[in-house]
Amino acid sequence: MTTTEHEAPGAAGTEPEVLVDVQGVKVHFPIKAGVILDRVIGYVYAVDGVDLTIHKGETYGLVGESGCGKSTLGRAILNLEPPTDGKVIFDGVDIASLKGEALRTKRQDIQMVFQDPLSSLDPRQSVESLLVEGMQAHGLAKNAKEARPRLRELLKAVGLPVQALSKYPHEFSGGQRQRIGIARALSVNPKLIVADEPVSALDVSVQAQVINLLEDLQEEYGLTYLVVAHDLAVVRHISDRIGVMYLGSLVEEAAAADLYAQPLHPYTRALLSAVPIPDPDVEDSREQILLTGDLPSPSNPPSGCRFHTRCPWRQETRCDDERPQLRVVAIDGVVEGHRVACHWAEQIESGELQPHAVKAIAIDPSASDTLGGDLMGPASLTEAL
Amino acid sequence: MTSPANDRRKGSDTAPLLTVDNLTVTFQRRGQEPFRAVDGVSFSVRPGQTVGLVGESGCGKSVTSLAIMGLLPKRGNQVTGTVDYEGTNLLTLSDDDMRDRRGKDIAMVFQDPLSSLNPVIPVGLQVTEVLERHRGIKRKDAMPMAADLLKRVGIPDPNRRIKDYPHQMSGGMRQRALIAIALACAPRLLIADEPTTALDVTIQAQILALLKELVEDTGTALIMITHDLGVVAGLCDEVNVLYGGRIVERGDRHPIFREPRHPYTNGLLGSIPRLDTVGERLTPIPGSVADNLPWDHACAFAPRCSQPVEVCTTNTPTLEESGGRALRCFNPVEVAR
Ligand SMILES: Nc1ncnc2c1ncn2[C@@H]1O[C@H](COP(=O)(O)OP(=O)(O)O)[C@@H](O)[C@H]1O
Ligand code: SF4
Ligand code: SF4
Ligand SMILES: [Mg+2]
């Protein structure tokens with residue numbers, strides 16, 4: 001994709017306005033060994049060449065399993081994790097090129113909502129001071145008193161009583177803390193909110209409250225969202241478009257409804273078929289594509305198509321040695337804008353190619369253990385349950 | 001697999017293997033009122049049957065399973081009621097007798113396999129140990145049996161993996177190893193507490209398929225503890241919905257999902273986004289468990305309920321059984337959502 005592509009007024013006048021343009025982004029983390037020399041003995045290829053665009057006012061959902069790089073990509077978009085390669089154009093400007101005041105202003109435009117609201121909130125700060133902090137940093141208020149009217153408005157927007165201002169994070173339930181986290185993100189009038197697993201630590205009833213809140217706020221403030229999550233049902237529910245990641249790459253991207261109606265990539269097919277549906281009639285009749293084995297380690301990704309070690313459709317040619325590009329396919333009924341990275345998407349969809357058994361390979365996780373933490377998403381998310 | 005080909009005995013005429021009656025667990029808390037985490041819970045499970053305990057965090061699911069297994073800390077809590085396992089009240093067994101049972105007839109699989117595997121013993125040895133200790137199998141014969149079990153639970157290359165330590169395995173493989181250890185004692189009752197919650201969805205699908213196969217092939221009774229209604233819909237024959245330490249609704253899985261009668265069950269179903277339906281707005285349950293009223297003179301759920309009536313805040317609803325279902329509610333849902 002070229003830098004200027006989105007700026008050219010496309011043939012159709014209805015071309016959506018691009019807010020974020022991610023171009024060939026890679027994030028590789030060095031794996032170090034040795035106490036004294038700190039040798040680099042390898043890399044974790046957390047994000048390994050991603051192109052995507054996020055349109056103004058939409059919700060883009062990034063899904064994938066633990067270690068697929070979705071959170072790292074989210075952080076790279078905020079430049080919290082400077083890309084090893086590629087760039088992120090936000091609102092027409094290359095984020096990496098910004099310094100000083102300009103960077104601060106841009107930072108204000110992009111805010112983050114985290115999975116665990118408690119860990120991202122300083123326990124010794126009252127809600128008021130938590131909220132005022134960001135506004136002061138960006139020159140939106142000189143002090144708490146001046147910020148008062150705005151704070152009241154914010155609390156109302158996220159459904160918390162004004163009395164909450166003088167309380168501390170530990171005095172709130174998980175759902176309320178997430179509301180505080182959202183209020184904090186909103187306090188500086190951002191254009192984009194990157195939400196990393198915003199509801200996965202919450203009980204389902206509270207999860208639904210927060211999902212509805214995010215939807216309402218988007219409508220009210222014209223926000224753009226990038227939602228990073230492992231729960232496909234949640235992502236499908238709130239997203240306009242969805243990108244599916246596997247081992248550092250996007251393997252498929254489509255409008256939420258299209259992705260569900262016609263998944264084209266073998267991994268997406270397997271992923272969708274694995275999600276349990278809370279309806280016994282559906283469960284009794286569904287056909288699952290059970291994958292064998294583990295997700296390979298991102299420090300030692302398979303050659304060619306990264307999914308080939310687990311793919312039930314893997315072919316003798318191309319799959320093992322040629323990396324498939326994300327491309328638009330010519331298949332009847334597939335809408336424009338639906339992209340897939342599989343050499344055989346057409347033949348699989350037509351039924352010409354049929355799935356076969358796969359021999360499982362176990363993966364030794366210790367290779368990437370040193371970096372485990374934020375790469376291994378879901379493992380800790382639901383601890384609270 | 002080495003176990004005899006049991007036929008699947010889940011007909012409702014089969015006697016229960018385990019009957020939990022009026023189980024209550026109270027924790028003493030320093031400087032505070034004692035806290036009843038499990039409050040008069042009763043249910044039973046038959047051979048070849050999968051019974052689900054479902055509810056949100058803190059509703060008492062895990063404490064129920066730990067109490068059944070005799071794994072609650074010795075101090076600071078009081079357990080009453082009975083847990084009848086074929087005529088024996090497990091709650092009255094000595095520690096030694098209970099430990100013996102745990103290896104032999106009853107096994108448990110937890111959410112976090114790492115904390116329940118011994119970190120300094122190779123996984124294969126942990127399997128053979130169970131085979132030797134509880135089934136009296138000789139070391140020489142136990143090795144190939146262990147490899148066979150690892151293979152059966154879907155661990156690739158079992159002859160090599162048998163020497164691996166837990167930290168050398170991925171989360172999914174560890175959970176399989178734990179299931180292999182549970183299977184090694186050929187349990188007649190398996191309690192699984194959120195066994196797939198920490199796993200990715202494609203791995204979860206593999207583990208659930210494994211559990212289903214186990215129940216069908218060997219007639220093992222399974223108590224499945226989960227917060228995930230999707231998992232329940234696919235796996236459980238009977239569903240018990242817990243709220244605030246009490247069972248509020250019980251029924252077979254089809255009727256429970258088709259016609260939830262308790263406002264909490266109904267509210268849960270309205271709260272979860274579904275992968276297979278277009279994004280209608282969710283209808284969450286308001287508030288959180290922090291709003292609960294004490295059961296002693298109210299329905300604990302009343303502050304969050306969509307249709308409370310006056311008596312809900314003055315009297316305790318009792319669990320009424322009728323037509324194969326049980327319900328604890330003064331004003332049940334007539335037409336679902
Ligand atoms: N050892 C303990 N001491 C005091 N309270 C406990 C203890 N263990 C669990 N609890 C409390 O008991 C309630 C039920 O817990 P639990 O059974 O773990 O819920 P669930 O498994 O349904 O999430 C919770 O409020 C929990 O905090
Ligand atoms: S390129 Fe080959 S291995 Fe990769 S998803 Fe397509 S069929 Fe499977
Ligand atoms: S007893 Fe009353 S408050 Fe409780 S669930 Fe039923 S209607 Fe609601
Ligand atoms: Mg639990």
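In what follows, every heavy atom counts, from backbone to side chain, and hydrogens, waters and symmetry copies are set aside. This one's a predicted model, so the numbers in the text were calculated from it and none came from an experiment. Proteins come first, then strands; the chains are lettered A, B, ... in the order of their sequence lines, and each starts at number 1.
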Kindly assign one of parallel, tilted or perpendicular to the pair A:Y267 and A:H265, based on the angle between their ring planes and the thresholds 30° and 60°. perpendicular

With sequence neighbours excluded, residues passing ring-ring contact (aromatic ring centres under 6.0 Å, His included) with B:Y243: B:Y264, B:F301

Region of B:A290 in contact with chain A, defined by heavy-atom distances below 4.5 Å: neither

Of the backbone (N, CA, C, O) and the side chain (C-beta and beyond), which part of A:T292 lies under 4.5 Å from a heavy atom of chain B, both, or neither? backbone

Which answer fits B:D276, side chain, backbone, both or neither, if we ask what part of it has an atom under 4.5 Å from a heavy atom of chain A? both

Which residue pairs pass the salt bridge (Lys or Arg N to Asp or Glu O under 4.0 Å) test when at least one of the two sits in residues 115-125 of chain B, sequence neighbours left out? none

Keeping the roles fixed (side chain from B:E216, backbone from B:E213), state whether a donor-acceptor pair exists under 3.5 Å. no

Per-residue contact mode, A:L291 against chain B (heavy atom under 4.5 angstrom): both

Identified side chain to side chain contact (heavy atoms under 4.5 Å, CB included) counterpart of B:P260 within the set B:L269, B:L268, B:V239, B:V241: B:L269

Answer with side chain, backbone, both or neither: which region of A:I277 has an atom nearer than 4.5 Å to a non-hydrogen atom of chain B? both

Which one wins on heavy-atom pair count under 4.5 Å against chain A: B:I272, B:D164, B:V201, B:L229? B:V201

Answer with side chain, backbone, both or neither: which region of A:L272 has an atom nearer than 4.5 Å to a non-hydrogen atom of chain B? both

Do you know which of A:Q209, A:Q207, A:R286, A:Q176 has the most heavy-atom pairs with chain B at a distance under 4.5 angstrom? A:Q209

In terms of heavy-atom pairs under 4.5 Å with chain B, the winner among A:V275, A:L290, A:V282, A:D279 is A:D279

Can you list the steps and then say if A:V206 with A:Q178 is a side-chain contact (heavy atoms from CB on, under 4.5 Å)? CA-CA 10 Å; A:V206 179; A:Q178 194 54 290; over 6 Å; no

Begin from the C-alpha positions of A:H230 and A:S200 and carry the test side-chain contact (heavy atoms from CB on, under 4.5 Å) through to its verdict. CA-CA 8 Å; A:H230 74 282; A:S200 53; 4.0 Å; yes

Is it the backbone or the side chain of B:Q204 that comes under 4.5 Å from a heavy atom of chain A, or both, or neither? side chain

Proximal component of A:D281, with respect to chain B [non-hydrogen, under 4.5 Å]: both

Give the C-alpha distance, both sets of side-chain angles, the deciding distance and a yes or no for side-chain contact (heavy atoms from CB on, under 4.5 Å) between A:Y246 and A:R310. CA-CA 12 Å; A:Y246 186 80; A:R310 298 168 83 200; 3.2 Å; yes

